[in-house]
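Report on the structure given below.
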There are 2 protein chains.
Amino acid sequence: MPPSTPAPRRGRVTIADIARRAGVTPAAVSLAVNGRPGVSDATRERILGIAKELDWEPSPAARALAGAPVLTIGMVLARPADVLGSEAFFGAFGAGLQEVLSARDYALQMKIVDSPEAEVETYRRWFAQRRVDGVVMVDLRVDDPRVPALEALGEPALVVGGPGHHGSLPAVYVDDALAVRLVVEHLASLGHRRVARVAGTASFLHTAQRDAAFEAVGAELGVGTVLQDAGYGAEGAARATADLLATEDAPSAIVFDSDEMALAGAHVVLESGRAIPEDVAVVTIEDSPLARSHRPPITAIGRSAVEYGRLAASRLLEVVAARGDRSSGTFESRVIEPELLVRASTDPSAPKSPMDGALRSSVS
Amino acid sequence: MPPSTPAPRRGRVTIADIARRAGVTPAAVSLAVNGRPGVSDATRERILGIAKELDWEPSPAARALAGAPVLTIGMVLARPADVLGSEAFFGAFGAGLQEVLSARDYALQMKIVDSPEAEVETYRRWFAQRRVDGVVMVDLRVDDPRVPALEALGEPALVVGGPGHHGSLPAVYVDDALAVRLVVEHLASLGHRRVARVAGTASFLHTAQRDAAFEAVGAELGVGTVLQDAGYGAEGAARATADLLATEDAPSAIVFDSDEMALAGAHVVLESGRAIPEDVAVVTIEDSPLARSHRPPITAIGRSAVEYGRLAASRLLEVVAARGDRSSGTFESRVIEPELLVRASTDPSAPKSPMDGALRSSVS
DNA sequence: CTGAAAGCGCTTACAG
DNA sequence: CTGAAAGCGCTTACAG
């Protein structure tokens, strides 16, 4: 085999091939395939036909080098691996992101790092290398240092979290204050007079906002409130729950920040010999299949993480598209309305088990 | 603002800049930064210093266009979004992948699709566009159509699953037959004479292999076995468990294919008034924080999904590096040894709750 | 061991 | 509305 043959990059079809076949210049092909004016409709049709026939795939590298978008969005997570694995939120959120991005031919690039500094450095490098057209930043914290860092980069970035604390960056978020209000109102209407909240990572903005709303709505409705920090994770939640139950003036309802925490807490309640919801009602602010399939099913706030991901993706693509558009000014944010899903863990009249029907029919 | 200015791509430092400063040609810079022979050590040092000083970031697009690797690995998942969210495996596996890839400056690109055909089409496009240097394929099935499709592409691809059914593609997998053997031997040693297995998605290769090993080891040890297909997911597992308990000759131990399934099954057991492990022992073949924090903690096979992901990444990078190396022939596979983690859901002498100590100390 | 050139595949001004 | 050219930033043969 003569190694001198220039190895014609086996099989790659380029716009030059299409141009040749169509009897036009590569530039005309470029205009045609990108749906830009400059070629007649007839020519465009012909070029598109040939491209399809030749099975042409555009080269993202060439496009990027010539200044076009690279069609990639980045997301970096500064969380330990096992947290990512055990919390339902990220899988569903990522799935929603993917769905919208894929439909627009965008890829999602992900990276896990171990500090906010490494996260910011990743953003810097990604943009410097032109690896991404934009990024989505999650786990917003109070006075988050990543916000000014992203503002300084001046590249398309979307914050997941709010309201507030996202500076001049566009954001999407769930109205956590409203979520907490729905929960507390629900519990108050059931007659609870003393309610506890077992809270996740204290530095997250939504944790602080939930804390504040919890106190406020409790005071407003005359419901006694008690707050327990637990950090995310089953162990902290179990410990916090045990502590609460050991109190003299133990609460008759406990609200957890995540599905994983609620499951762990519910175990502790049941193990102590108390009944759910008769002795202690249980609520999770993060719904999941596990919350649904628990016995009894756990009342939850349905944030629909998938929908949340979809919204984030479409919002970020808008920002990317508007890039450089100085006239657009500060981007407005978008809010998701939370919804309360009442289940048997708070309301005895709700079905105790979603599986009853299924069981019966499978016995036949 | 005169729009005629050629807008010198604000701030981008290129190898031309470095070459100018160093008094060499761009080609020399390329050789130097890529650690290739062709420049003297002194020159190389000088060039590297200048590159660092100028904060130079190589352009992946330019590199890719010139034929170099794009430093990206792809993974596509053909699973519904909610399954991804509720199973611990993917988060941890993905984290392990990331860790190794990031250390080698590789990015991970992900996509969720809804069919094996769409998955194969994604591989084809990714390689056609040179978006990735290699892919990792998960959820191997018996006679999986994706295997011949990837073989035909002839691009670097790693199969997660086996042994067998991965054709000529390199693979990494957990020894599922051994995992099942460890579990059944453990249960037999505790005196169980009738054991059930609640199995996940039947078409997955590892499900079939676990089924076969379950029957075989049961027969070998004189333990009666009963198999229940449930599909993945809490609902199917709950139903299967209820069915098993309703049997005249009910098993004294139940082995589940995933943590989510085991949790749902354990609820059904407890709800029926039976004690774990006194009346029914429970095991999961997929460990997770939820299995650990359950009351009682659930005996599990520790596959260490994070480690699994790390292995997959390093194996795939080897394959990518060896690409075109015709001499290497068929790639050998790599196996992970499963490990049995005995907890209170099978062994009454194991601590009933990992939190007892923590609770006690926090009460002080 | 070093230097100058060609080329990767595309897009974007810029002339006709 | 169409055509020919330059350029994006890098790597790889190919001469000296």
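Each chain gets a letter, A, B and so on, in the order its sequence line appears, and its residues count up from 1. The analysis underlying the following values was restricted to heavy atoms, covering all of them including side chains, and did not include hydrogens, waters or symmetry mates. What you see is a predicted model, and the numbers here were worked out from it, not measured in a lab.
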query: Would you say a side-chain N or O of A:Arg36 is under 4.0 Å from OP1 or OP2 of C:dT11?
result: no

task: Give a yes/no on whether any side-chain N or O of B:Thr14 is located under 4.0 angstrom from OP1 or OP2 of D:dG9.
output: no

statement: When B:Thr25 and B:Ala62 are each assigned the nearest nucleotide of DNA chain C, the 5'-most assignment goes to B:Thr25

query: Per the side-chain contact (heavy atoms from CB on, under 4.5 Å) rule, which among A:Asp144, A:Leu158, A:Val160 passes with A:Met137?
result: A:Asp144

Out of C:dA4, C:dG9, D:dC10, whichever nucleotide has its closest atom nearest the side chain of B:Leu65: C:dG9

Under-4.0 Å side-chain N/O to phosphate OP1/OP2 contact, B:Ser40 with C:dT2: yes

task: Verify the distance criterion only: is there a donor paired with an acceptor across the side chains of A:Gln109 and A:Thr72 at less than 3.5 Å?
output: no

query: Base, sugar-phosphate, or nothing: which does A:Val29 touch, judged by heavy atoms less than 4.0 Å apart?
result: nothing

query: Does a salt bridge link B:Asp105 with A:Arg125, judged by any charged N lying under 4.0 Å from a carboxylate O?
result: yes

- prompt: Picking from D:dG7, D:dG9, D:dT12, which would you name as closest to the side chain of B:Leu31?
  reply: D:dT12

- prompt: Looking at C:dT2, C:dC10, D:dC10, which one has an atom nearest to any side-chain atom of B:Pro58?
  reply: D:dC10

- prompt: Can a side chain N or O of B:Ser59 be found less than 4.0 Å away from OP1 or OP2 on D:dG9?
  reply: no

message: Under a 3.5 Å cut-off for both contacts, is C:dC14 paired Watson-Crick or G-U wobble with anything, and if yes, with which nucleotide?
response: D:dG3

